[in-house]
Amino acid sequence: MLQIVFWFHAGVAIAAAVLCITRRSPVASALWLVVTLFATAVMYVLLDAHFIAAIQVLVYSGAIMVLFLFVIMLLNLGDEVATDMKGWFGRGVGLALAVFVGIEVWVVTRALPVDQIRLPAGELDRMTADQGAVRVVAEPLYTDYLIPFELTAVLLVAAIVGSVVLAKRKV
Amino acid sequence: MPSTVSLIWLVVLLPFLGFLANGWLSFFRPDAKRLVSGIGVGVLVASFLVTLIVVSGLAGAAEGAPYIQTLWSWMPSGELQIGLSLQVDQLSAVMLLVVTGVGALIHVFSIGYMRDDDSYPRYFAFLNLFVFFMLLLVLGANFPVLFIGWEGVGLCSYLLIGYWYSEEANASAGKKAFIMNRIGDFGLLIAMFMIYRSTGSLNFVEVFASAPSAFVINGPTITLITLFLFLGCVGKSAQIPLYTWLPDAMAGPTPVSALIHAATMVTAGVYLIARTNVLYAMAPFSGAVVALTGAATALFAATIALKQWDIKKVLAYSTISQLGYMFMAVGMGAYAAGVFHLVTHAFFKALLFLGSGSVIYGLHHAYHQTHNEDDAQDMRNMGGLSRMMPWTTGVMWIATAAIAGAPFLSGFFSKDQILAVAFARGQDATVFYVIWALGAVAALLTAFYMTRLMLYTFHGLNRTGAEELQHLREAPWIMTAPLVVLAVGAFFGGLINLPHVLPGAGGLEHWLEPATEASAQYLAEVHLSAGLEWGLMGLATVIAAAGVFGAWRLLDSDSLVPASEAPEETGIQKILLRKYYVDELYDTYIVRPTAWLSQRVLWRIVDDGVIDGAAVNGLAKVTQFLGWVGTRFQTGNLGTYVILFVVGALWLLSATLR
Amino acid sequence: MLLGPALGVSAILFSIGVLGVLIRRSAIIIFMCVELMFNAVNLTFVALAQQLGPDGQVFVFFVMTVAAAEAAVGFAIIIAIYRHKETLDMQDLNLLRG
């Protein structure tokens with residue numbers, strides 16, 4: 001059952017991603033990207049990452065993608081007719097490179113030495129059941145990763161200030 | 001050591017201050033001749049007085065160890081600690097007295113001689129600078145400080161030979177001296193490196209103390225070191241084969257010839273060997289090379305002097321010949337005899353040069369009055385000057401008698417001691433008999449050519465021309481006074497080191513003992529019976545008399561004609577006049593090939609082609625090409641960058657694949 | 001046991017993102033493709049976190065934060081470019097040509 005659900009959503013994610021990069025209209029691309037993100041969120045759930053799945057939907061699909069659409073609308077790119085796709089040669093080179101990248105990434109990630117440090121089967125599932133989905137993530141975040149966590153606050157402030165400065169007409 | 005010896009820094013500093021002051025004046029007050037002479041001579045006299053105080057302090061000291069004053073640390077580098085240190089010992093004291101004493105007299109003489117020169121302050125600035133470097137040379141407590149002095153006097157020699165640089169011959173004579181000295185300096189540098197490698201120090205005291213343990217007697221290392229040192233001496237002291245610069249150096253003002261190219265700088269090589277006597281005593285082979293070179297030079301230069309017409313050239317070859325005697329002495333381990341001859345030679349040769357300067361000065365002025373363009377240094381244009389220049393003639397005769405070896409004058413004793421040592425050493429090895437014979441023949445020739453010089457210059461008929469004769473007169477007192485002082489020195493200088501058979505003998509030898517005693521253990525005892533010593537002295541007298549008498553009988557100064565009317569020389573006389581064609585030989589076989597090599601190969605091919613073309617420009621071209629290749633990737637197009645980025649990422653990622 | 005399939009899917013999604021960056025010229029689409037690649041990487045983290053502990057999930061959290069910041073700055077730049085050039089076609093933005 002689990003396998004069927006996973007493969008179904010994997011198919012949806014891949015198909016939507018392909019559609020996303022081939023659509024002529026930016027709006028269509030953005031919406032297909034949203035589909036990919038939703039399908040990925042389902043895969044997160046299947047991989048016992050409930051909290052991450054939730055913020056994937058909230059932050060990515062909710063916030064960032066709205067930002068995308070907002071910018072597209074703002075710049076009035078929605079009804080673009082001429083394609084921005086490269087020519088046949090560019091597409092061929094891109095495809096070849098992308099295939100190589102995919103193969104290499106796959107090979108590299110498959111080769112990771114996970115066996116020695118692997119948790120007992122179903123451990124994360126049990127932890128989620130015991131502690132709740134949020135605590136599993138929150139506990140390391142506020143203990144082991146406290147300093148990086150605080151630093152992200154600085155990063156976000158810098159990003160806010162930077163984007164305001166860049167986007168303003170006159171400083 | 002008495003505290004007066006610590007004043008030694010003042011001796012060195014004073015001439016340097018004089019140089020600074022006169023150098024300043026030469027730019028801003030070139031006409032202040034009185035001030036310049038006051039400073040230039042004043043610092044020398046002051047320096048001489050301080051030297052007297054220092055030397056009397058040294059003489060009063062109980063212990064014989066050298067006094068070393070480190071002014072500052074110069075090159076501290078790990079184990080190599082080189083300070084700017086001055087060393088006062090018995091040997092440097094002798095040199096100090098000669099340099100400052102004779103130097104001061106020559107400075108005084110220069111006031112008169114250079115009176116009408118346009119760049120008078122420059123002359124005195126250079127002269128003071130020379131004395132400064134010479135003092136540094138003889139006072140240096142280690143090889144590098146000695147080397148500064150060594151190079152500095154070379155520089156001043158160059159500057160003063162080319163003093164009248166507007167004439168090309170003078171400028172190229174300066175260059176010749178400088179370049180020939182470079183060859184010798186190369187040897188000195190190599191020797192310094194080898195000494196440091198062997199003993200781990202460059203300070204004289206430490207090097208000589210560790211020499212017995214660091215070197216094997218007559219071993220290859222010590223022989224090489226001493227031979228390289230000798231190469232330096234050969235260049236500086238104008239010995240075969242690097243002597244040809246010294247006759248050309250006569251292009252400089254005559255007092256310069258007296259100070260630098262007769263009394264002080266050219267004797268630096270003798271001083272260096274006397275200073276490193278321990279090393280030479282441990283390398284008998286090198287010692288023999290030094291002595292043989294000296295003897296050969298003494299004879300060779302004396303033969304050339306026989307036929308020179310330029311009065312200063314005669315004296316220049318005479319200087320080379322006398323330096324040969326000194327090397328003969330130090331090569332045989334008779335360091336005291338070598339230094340003794342150095343001192344007496346400083347007196348009589350300075351006197352001879354200054355006397356000739358007085359003659360040239362007089363003749364030059366006479367020519368100036370009558371607008372004559374003849375050569376004021378050619379003896380064929382002189383003759384019979386004794387009537388006009390009685391003082392000069394008198395002191396010149398004293399100096400001639402001294403150098404020729406007239407009994408009981410300074411040169412007699414110093415030359416006799418050298419020949420006596422050679423004769424005594426001959427009992428051990430036959431080669432020293434050869435050296436003795438060469439020296440004896442050279443002594444005969446010396447008496448001959450000096451008498452010739454006197455006869456042609458001061459006696460016989462006058463050849464200057466009737467009109468010029470009206471203007472010829474004795475030089476002013478400021479020039480003759482130093483001559484008289486030097487004549488006293490040339491007359492009585494022998495008293496400082498009388499031979500063993502006379503009462504009060506061996507003064508200088510005894511004085512120098514602390515500086516040379518370390519080498520005594522390696523040298524065979526020189527022993528001559530009193531009879532033999534008397535016999536040799538008698539023989540020397542006979543030789544000198546034969547030379548003088550021979551010249552007087554054989555030469556007929558009345559038959560000479562002025563230089564402009566002189567016929568072409570022939571046969572052996574021409575060979576001697578042209579100095580055995582050594583300059584031409586060097587020019588053909590060394591200078592021209594070197595120039596050809598430099599111009600055709602080193603310049604056109606190596607420098608232009610390889611270094612500039614291939615290396616410098618080639619490298620620039622390669623860099624430019626690589627830069628051009630780099631710019632091909634800078635399309636400014638994001639797509640290209642992304643593709644390159646992905647390729648790079650793929651490549652990096654593939655490194656993690658197993 | 002979904003680790004292997006998840007890693008495979010993540011590799012495919014990532015290479016689709018790369019492909020998009022390579023073949024599209026519009027800045028805003030390229031931007032979306034970058035987000036797609038982020039997402040693929042996140043999937044890898046999550047898949048491995050199931051086996052190795054929740055640290056991977058924490059990292060996904062950070063990636064999302066950085067992605068948000070990057071999106072904010074990126075859009076600001078895009079707006080600035082558009083205002084200046086009246087286009088988002090990357091072929092026309094070649095001021096860096098050497």
Side-chain angles (χ1 to χ4, degrees), chain A residues 6 10 13-14 17-18 20-21 26 29-30 33 36-37 40 43-44 46-49 51-52 55 59-60 64 67-68 71-72 75 77 84-86 90-91 93-95 97-99 101-102 105-106 109-110 114 117-119 124 136-137 140-141 145 148 152 155-156 159-160 162-163 166-167, chain C residues 2-20 22-26 28-29 31-33 35-36 39 42-44 46-55 57-58 60-62 64-73 75-80 82-83 88-89:
Chain A
F6 180 84
I14 292 168
V18 171
C20 166
I21 64 163
S29 285
L33 184 61
T36 308
L37 296 179
T40 319
M43 282 190 272
Y44 288 171
L46 296 178
L47 291 165
D48 298 331
F51 178 69
I52 297 297
I55 59 169
V59 175
Y60 255 122
I64 297 182
L67 203 59
F68 265 96
V71 170
I72 293 166
L75 300 181
L77 302 170
D84 65 322
M85 199 83 84
K86 286 185 182 167
R91 271 182 262 176
V93 171
L95 192 63
L97 280 174
V99 168
V101 168
V105 169
W106 186 66
T109 49
R110 291 285 295 197
V114 290
I117 50 173
R118 183 173 290 180
L119 296 174
L124 198 66
V136 171
V137 182
L141 188 63
Y145 297 97
T152 53
L155 178 74
L156 285 171
I160 291 164
S163 50
L166 280 168
Chain C
L2 291 170
L3 178 63
L7 291 176
V9 170
S10 133
I12 293 168
L13 284 176
F14 188 82
S15 53
I16 291 172
V18 170
L19 180 63
L22 288 172
I23 65 173
R24 298 301 289 256
R25 293 197 308 249
S26 168
I28 202 138
I29 307 270
F31 213 65
M32 287 181 206
C33 294
E35 297 295 334
L36 193 58
N39 215 54
N42 283 351
L43 185 58
T44 312
V46 169
L48 285 165
Q50 192 191 22
Q51 305 290 322
L52 304 175
D55 284 5
Q57 295 188 13
V58 174
V60 171
F61 184 83
F62 284 123
M64 281 183 182
T65 319
V66 173
E70 178 249 1
V73 177
F75 281 129
I77 293 173
I78 283 175
I79 289 170
Y82 191 80
R83 213 178 267 157
L88 286 179
D89 193 328

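Every chain is numbered from 1, with letters handed out A, B, ... down the list of sequences.
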**Report entry** Check against side-chain hydrogen bond (donor to acceptor under 3.5 Å, both in side chains), A/Tyr60 and C/Glu35
**Finding:** CA-CA 9 Å; A/Tyr60 255 122; C/Glu35 297 295 334; 3.2 Å; yes
If you count heavy-atom pairs under 4.5 Å with chain C, which of [options] comes out on top?
| options | answer |
| --- | --- |
| A/Ala13, A/Gly90, A/Ala98 | A/Ala98 |
| A/Val18, A/Ile64, A/Ile14 | A/Ile14 |
| A/Val137, A/Leu46, A/Leu47, A/Val99 | A/Leu47 |
| A/Leu37, A/Val71, A/Thr36 | A/Val71 |
| A/Ile21, A/Leu166, A/Val105 | A/Ile21 |

Note to self: Quick check for you: among C/Arg25, C/Glu70, C/Met64, which has the greatest number of heavy-atom pairs under 4.5 Å with chain A?
What the structure shows: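 Heavy-atom pair counts peak at C/Arg25.
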Quiz prompt | Greatest number of heavy atom pairs closer than 4.5 Å to chain A - which of C/Ala80, C/Ala71, C/Ala72 | solution =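 Highest number of heavy-atom pairs under 4.5 Å: C/Ala72.
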Going from [atom1] on [X] to [atom2] on [Y], what distance comes out if it is rounded to the nearest 0.5 angstrom?
| X | Y | atom1 | atom2 | result |
| --- | --- | --- | --- | --- |
| A/Thr40 | C/Asn42 | OG1 | CG | 9.0 Å |
| A/Tyr145 | C/Phe61 | OH | CZ | 13.5 Å |
| C/Leu52 | A/Leu124 | CG | CG | 10.0 Å |

Closest heavy-atom contact between [X] and [Y]?
| X | Y | answer |
| --- | --- | --- |
| A/Val136 | C/Pro54 | CG1-CB, 3.4 Å |
| C/Arg24 | A/Cys20 | NH1-O, 4.3 Å |
| C/Met32 | A/Pro26 | CE-O, 3.5 Å |

Original post:
Of all residues at least two apart in sequence or in a different chain, which pass the ring-ring contact (aromatic ring centres under 6.0 Å, His included) check with C/Phe75?
Top reply: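 ring-ring contact (aromatic ring centres under 6.0 Å, His included) check on C/Phe75 returns A/Phe68, C/Phe31.
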If you look only at distance, which donor and acceptor atoms sit under 3.5 Å apart when one is on a side chain in residues 5-20 of chain C and the other is two or more places apart or in another chain?
| from | atom 1 | to | atom 2 | distance (Å) |
| --- | --- | --- | --- | --- |
| C/Ser10 | OG | C/Ala40 | O | 3.3 |
| C/Ser10 | OG | C/Thr44 | OG1 | 2.6 |
| C/Ser15 | OG | C/Ala11 | O | 3.1 |
| C/Ser15 | OG | C/Ile12 | O | 2.9 |

| message | With a 4.5 angstrom heavy-atom cut-off, is it the side chain or the backbone of C/Asn39 that approaches chain A, or both, or neither? | response |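 For C/Asn39, heavy atoms of backbone and side chain both lie under 4.5 Å from chain A.
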| request: Could you look at C/Leu43 and say if it's the side chain, the backbone, both or neither that has a heavy atom under 4.5 Å from chain A? | output: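 For C/Leu43, backbone and side chain are both near chain A.
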